[in-house]
Structure formats: C-alpha cells, structure tokens
Amino acid sequence: MEKKPFVTLEQLREMKKTYPTPFHLYDEKGIRRNAQKLKEAFSWNPGFREYFAVKATPNPFIIDILKELGCGVDCSSETELLMAEAMGYRGELIMFSSNDTPAEEFRLADRLGAIINLDDFTHIDFLEKTIGHIPETISCRYNPGGLFKISNDIMDNPGDSKYGMTAAQLKEAFRVLQEKGAKRFGIHAFLASNTVTNEYYPMLARVLFEKAVQLKEETGADIRFINLSGGIGIPYRPDQEANDIAAIGEGVRQAYEEILVPAGMGDVALCTELGRFMLGPYGCLVTTAIHEKHTHKEYIGVDACAVNLMRPAMYGAYHHITVMGKEDRPHDHKYDVTGSLCENNDKFAIDRMLPEIEKGDILVIHDTGAHGFAMGYNYNGKLRSAELLLKEDGSVQMIRRAETPKDYFATFDFSGLFE
Ligand SMILES: *Cc1c(COP(=O)(O)O)cnc(C)c1O
C-alpha cells in the first residue's frame with residue numbers, strides 16, 4: 001500500500017517557522033482512532049485493558065491521550081514508574097514488567113500499588129526481601145523456550161531470549177507465591193516482536209490459555225488475568241499489509257471460547273502491553289536535506305541523525321521516506337540518506353530510490369511514533385529533538401522542547417575545574 005504522511009507540506013512549512021527541524025511529530029487523530037479500534041476488538045472481554053508500553057513513547061502528553069481512552073501503563077524502570085505516578089496512575093492501572101530489576105524499582109512499584117510481573121523465579125525471594133512481603137496480586141512471565149512458529153514460519157526464538165521462566169519454574173513459582181500469601185495471579189508472555197500477521201496474538205493466546213488451565217489444575221491458583229504483552233507489529237514497508245485488529249481480537253476470542261470457557265475460566269481478564277501498534281504509524285521524524293554529496297555513491301545529508309532515530313543503524317530497519325511535495329515525481333535517483341554522526345551506519349536509507357532531492361527539501365521519515373525518539377541518545381554531542389503533537393483540530397502543540405547544550409552539560413559540575 002502507498003504510504004502517505006499524515007501531515008501536508010504546507011503544514012510542515014508553517015511548523016518550521018516556529019520549530020526548526022529535526023523534530024518528531026505525532027498525529028492525535030490517528031492515535032485516538034487506532035486505540036478505539038483496539039478497545040472495540042477486545043470489547044467481548046469485560047476485563048480487557050491495554051497497558052501502554054511507556055518505553056515506546058515516554059511522553060506524558062501522548063500517554064494522556066491513551067489515558068483518556070482507559071489505558072493503563074506498562075512500566076519497565078524507575079523513571080517510567082515516576083512518570084506514571086506524576087500522571088496520577090496508581091494501583092492496578094500500572095503494570096510493572098521489568099527484568100534484571102534493581103531493588104529500588106520493586107520498592108517504588110510496590111509503593112504505587114502496581115501489578116508486579118516477575119521475570120524470574122529467583123525474583124520471588126528478592127522481592128520478598130526487598131519489600132518485606134509478597135503482594136496479593138502478582139504476575140509471572142512465561143518463556144516456553146524453543147522456536148515460536150506459525151505454520152512453518154519461524155516468528156522468533158524464545159529459547160534464546162533472556163526473559164521469563166520455564167514451565168517448571170512457573171509452576172513452582174505459583175506454588176511458592178501462594179504459600180507466601182499471593183491470592184490473585186496473572187500470566188504474561190512476549191514471544192515475538194513486530195509481528196505483521198493476524199495470527200500471532202491468537203497463537204500466543206492459545207499457548208497462554210492452555211498454560212493457565214494447566215496451572216490452575218496443578219496449583220489451584222486463582223488466575224485473574226492473562227497478559228498478551230506487546231508484539232503486534234506495523235507495516236514499515238509499503239508492500240506489507242497492516243494487521244487487522246478486529247480479526248486479531250476475534251482470533252483471540254475463539255481461543256478463549258475453546259480453552260478457557262470450558263475450563264470454567266470464562267471470567268479471566270485479558271490485557272495487552274502494546275507499544276509499537278499503538279503509536280508507531282502515528283509519529284514521523286521531520287528533517288531537512290542540508291547537503292548533497294557525489295562520490296562513489298550519491299548521498300543526501302539531512303539535519304537528523306541516528307540519535308533521533310536509531311532503528312535503521314541498530315537493526316538495519318526500513319523506514320519509509322517521503323520527499324514532501326515530490327510524491328508524484330519519478331523515483332529515479334538512488335540515494336543513501338545520511339545523518340552527521342561519525343559512524344558509517346548513520347544512514348536512514350541505503351540505495352533507496354527517491355525523487356531528485358534538493359537542499360532545503362523536507363523529508364518525512366515514517367513510522368517513528370514508537371521506539372523512535374525513545375531510543376535517542378547523545379553520541380557525538382548530538383541533542384535530542386523536540387516532539388510536536390498535531391492535534392485533532394489541526395493546531396500544533398510542542399509536547400517536549402528540543403535539548404540545548406545546557407541540558408547536555410547539566411550533569412557536570414564545572415566548579416573546581418577551571419580554578
Ligand atoms: C517492549 C515491550 C512491550 C511493547 O512491545 P511492542 O513491540 O512495542 O508492542 C510490551 N511489554 C514488554 C514487557 C516489553 O518489553
């Protein structure tokens with residue numbers, strides 16, 4: 001499918017007058033519409049809740065849109081918990097799905113009354129020693145190992161992933177946790193990332209539902225919720241077809257009817273911790289071409305670099321690029337689109353066919369709404385960009401200012417250095 005930006009060249013020219021490029025821009029209308037569709041897809045399950053994976057887009061103004069639609073938050077660290085607290089989240093609206101967890105983070109999660117999702121069997125003791133008790137509501141993360149396949153396609157390799165407990169550990173964990181006072185249980189698993197297929201969630205649901213029935217029989221634990229976690233992907237490439245969330249919800253419903261209902265578990269609530277699916281397509285990185293270079297290849301240098309969007313450099317990930325205003329021109333130039341880091345992998349595109357680009361052209365790099373700005377860093381002394389929100393009424397709100405050199409130097413105390 002043709003990928004079109006959610007913003008026009010005229011709007012971007014107007015924004016550039018106030019906010020210099022690069023910046024990340026988010027689409028409130030798209031975020032709302034998509035979140036509403038997710039809610040509808042799972043409306044058959046009365047306890048359903050999406051806990052937005054804060055790490056994907058840790059901006060309170062974005063999270064506030066989802067909060068209005070009833071979403072909770074999935075936090076993975078102390079600062080994410082602090083952000084949730086500052087936004088008024090408490091108790092079971094916070095899922096704390098961390099791993100290799102420092103003691104202070106368990107303390108903070110407990111103080112906020114968050115649901116703690118244990119990544120490992122040894123964390124039971126660690127948690128008890130740290131906070132002095134075991135919470136009455138607790139969740140455990142499952143890793144069945146092996147390869148996760150759909151038909152004959154390998155989706156991912158849980159056997160090689162650091163997360164979660166083995167089946168034997170999970171059973172033992174439920175037994176021990178009950179002894180220590182836990183009363184209400186959840187099960188969580190994240191077995192494949194960025195899946196662009198309607199089959200992943202229903203397949204994962206089957207694995208978790210069967211495990212839940214088995215654990216209930218074996219340990220008598222009162223299983224209240226099953227957490228399907230993240231992993232629903234988005235079509236980064238124009239030739240990929242977007243997931244149909246209604247079909248995914250229906251696939252999970254069938255598994256629920258087949259497995260949980262007959263086992264007398266028809267009251268189990270489902271939850272999700274989606275990040276990419278909630279925000280990915282509803283953000284873009286806006287950047288300006290500032291140089292062209294003709295050597296052994298044709299290069300376009302832009303004013304953004306990998307610190308603003310790390311995925312291409314880190315995973316070789318594809319992000320579609322639209323040269324604004326030139327959508328209908330022939331894509332007859334082969335370019336590497338680069339940033340300015342002293343790293344040869346700082347390229348947003350390699351050998352990409354695009355229309356002829358001139359200095360000053362505005363480029364939209366698509367699908368940066370999740371795991372985009374969030375993965376930013378300061379290598380080469382580069383600064384994080386601003387984040388802007390294109391509101392439903394067409395107005396623009398700056399929801400995070402760009403960093404300045406002062407921010408970069410803020411962690412030094414220069415007193416004493418130049419005396
Ligand atoms: C990263 C993560 C998510 C979100 O993953 P997406 O691929 O963005 O949907 C959810 N849960 C946990 C525990 C994660 O680590």
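Side-chain atoms of Glu105 and Thr101 form no donor-acceptor pair, as typed in the model, at a separation below 3.5 Å. Under 3.5 Å, the side chains of Thr338 and Asp336 contain no donor-acceptor pair of N or O atoms. No hydrogens or angles considered: nothing links the side chains of Tyr299 and Glu292 as a donor-acceptor pair under 3.5 Å. Checked by atom type, the side-chain pair Asn378/Arg384 shows a donor-acceptor distance below 3.5 Å. A side-chain donor-acceptor contact under 3.5 Å links Ser229 and His188.
Between Asp27 and Arg32 there is no salt bridge, since no side-chain nitrogen of the basic residue lies less than 4.0 Å from a carboxylate oxygen of the acidic one. Look at Arg206 and Glu258 and you find a salt bridge, because one of the NZ, NE, NH1 or NH2 atoms lies within 4.0 Å of a carboxylate O, short of that distance. Asp120 has no carboxylate O lying under 4.0 Å from a charged side-chain N of Arg141, or vice versa, which leaves the two without a salt bridge. Salt bridge annotation for Glu92-Arg49: absent, with no cationic side-chain nitrogen under 4.0 angstrom from a carboxylate oxygen. Of the charged side-chain nitrogens involved, none lies within less than 4.0 Å of a carboxylate oxygen, so that Glu298 and Lys293 do not count as a salt-bridged pair. Ion pairing of Glu28 with Lys391 is absent here, as no side-chain N (NZ or NE/NH1/NH2) approaches a carboxylate O to less than 4.0 Å. Ion pair Glu136/Arg184 flagged as a salt bridge, since at least one NZ, NE, NH1 or NH2 atom sits closer than 4.0 Å to an Asp/Glu carboxylate oxygen. Here Asp351 does not pair with Lys334 in a salt bridge; the nearest charged N to carboxylate O distance is not below 4.0 Å. The pair Glu273-Lys55 fails the salt-bridge criterion, with no side-chain N (NZ, NE, NH1 or NH2) lying under 4.0 Å from an Asp/Glu carboxylate O. Taking the charged nitrogens against the carboxylate oxygens, Glu40 and Lys37 have no contact shorter than 4.0 Å, which rules out a salt bridge.
At most 12 heavy atoms of other shown residues, nucleotides or ligands fall within 6.0 angstrom of atom CG in Asp100. Shown here is Arg90, whose CZ atom has more than 12 heavy atoms of other residues, nucleotides or ligands within 6.0 Å. Dense packing is recorded around NZ of Lys16, with more than 12 heavy atoms of other residues, nucleotides or ligands lying under 6.0 Å away. Within a 6.0 Å sphere centred on NZ of Lys149, heavy atoms belonging to other residues, nucleotides or ligands number 12 at most. Atom NE2 of His331 is surrounded by more than 12 heavy atoms from other residues, nucleotides or ligands within 6.0 Å. Atom NZ of Lys326 is surrounded by more than 12 heavy atoms from other residues, nucleotides or ligands within 6.0 Å. Under a cut-off of 6.0 angstrom, the local environment of CG in Asn344 is sparse, with at most 12 non-hydrogen atoms contributed by other residues, nucleotides or ligands.
When all heavy atoms of Pro202 and Ala255 are compared, the pair lying nearest together is O-CB, 4.4 Å.
To the nearest 0.5 Å, atom NZ of residue Lys3 and atom CG of residue Asp239 are 10.0 Å apart. With values rounded to the nearest 0.5 angstrom, Ile65 atom CD1 is found 10.0 Å from Phe52 atom CZ. For the atom pair CD1 of Ile357 and CD1 of Ile300, the computed distance is 4.5 Å after rounding to the nearest 0.5 Å. Within the model, atoms CG of Asn194 and CD1 of Ile234 stand 6.5 Å from one another, a figure rounded to the nearest 0.5 Å. We find the CG-CZ distance between Leu38 and Phe48 to be 4.0 Å, quoted to the nearest 0.5 Å. How far SG of Cys75 is from OH of Tyr51: 11.0 Å, rounded to the nearest 0.5 Å.
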Take Asn227 and Phe190, measure what side-chain contact (heavy atoms from CB on, under 4.5 Å) needs, and give me the verdict at the end. CA-CA 9 Å; Asn227 185 345; Phe190 189 160; over 6 Å; no
Derivation of the side-chain contact (heavy atoms from CB on, under 4.5 Å) call for Asp361 and Thr288: CA-CA 6 Å; Asp361 280 348; Thr288 306; over 6 Å; no
Steps toward side-chain contact (heavy atoms from CB on, under 4.5 Å) verdict (Leu274, Leu279): CA-CA 9 Å; Leu274 297 168; Leu279 254 302; over 6 Å; no
Output, in order, the C-alpha distance, side-chain angles, deciding distance and verdict of side-chain contact (heavy atoms from CB on, under 4.5 Å) for Val364 and Ile321. CA-CA 6 Å; Val364 162; Ile321 295 177; over 6 Å; no
Kindly determine whether Tyr26 and Glu387 satisfy side-chain hydrogen bond (donor to acceptor under 3.5 Å, both in side chains), including the steps that lead there. CA-CA 8 Å; Tyr26 301 93; Glu387 292 181 290; 2.5 Å; yes
Hey, mind stepping through Phe148 and Tyr200 against ring pair (Phe, Tyr, Trp, His ring centres under 6.0 Å) and telling me if it holds? CA-CA 10 Å; Phe148 192 70; Tyr200 168 65; 5.7 Å; yes
Would Tyr282 and Asn34 satisfy side-chain hydrogen bond (donor to acceptor under 3.5 Å, both in side chains), going step by step from the backbone distance to the final call? CA-CA 9 Å; Tyr282 314 110; Asn34 182 64; 3.3 Å; yes
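Between Ile362 and Val286 the shortest side-chain heavy-atom distance falls below 4.5 Å. A heavy-atom distance below 4.5 Å is not found between the side chains of Asp156 and Leu191. Ile399 has its side chain out of reach of Leu388: every pair of non-hydrogen atoms, C-beta onward, lies at least 4.5 Å apart. Using a 4.5 Å heavy-atom threshold, the side chains of Leu341 and Val307 count as touching. Phe121 is not listed as a side-chain neighbour of Leu170, based on a closest heavy-atom distance of 4.5 Å or more. Residues Phe126 and Phe106 have side chains in contact (heavy-atom distance under 4.5 Å, counting atoms from C-beta outward). In this structure the side chain of Leu12 reaches within 4.5 angstrom of the side chain of Leu25, judged on heavy atoms. Side chains of Pro58 and Val54 form a contact here, defined as non-hydrogen atoms less than 4.5 Å apart.
With Phe277 as the partner, the side-chain contact (heavy atoms from CB on, under 4.5 Å) test is satisfied by one option alone out of Ile232, Thr272, Ile248, Thr195: Ile232.
Remark: side-chain polar atoms of Asp119 are not paired, donor with acceptor, to backbone N or O of Tyr163 under 3.5 angstrom. Between the side chain of Lys347 and the main chain of Gly316, no donor-acceptor pair closer than 3.5 Å is present. Panel note: side chain Tyr89, backbone Ala114; no donor-acceptor pair is recorded below 3.5 Å. Put simply, the side chain of His24 gets close to the backbone of Asn308: a donor and an acceptor are under 3.5 Å apart. Panel note: side chain Asp346, backbone Glu343; no donor-acceptor pair is recorded below 3.5 Å. Under a 3.5 Å cut-off, the side chain of Asn45 and the backbone N or O of Leu270 do form a donor-acceptor pair. In this structure, the side chain of Asn380 engages the main chain of Cys342 through a donor-acceptor pair within 3.5 Å.
The aromatic rings of His320 and His366 sit perpendicular, their planes meeting at an angle over 60°, well past the 30° parallel limit. Using bins of under 30°, 30° to 60° and over 60° for the plane-to-plane angle, the ring pair Tyr335/His333 lands in the parallel bin.
Close placement of the Phe185 and Phe174 rings is indicated, their centers lying within 6.0 Å of each other.
A cation-pi arrangement, defined by a distance under 6.0 Å to the six-membered ring centre and an angle within 45 degrees of its axis, is absent between Arg276 and Tyr236.
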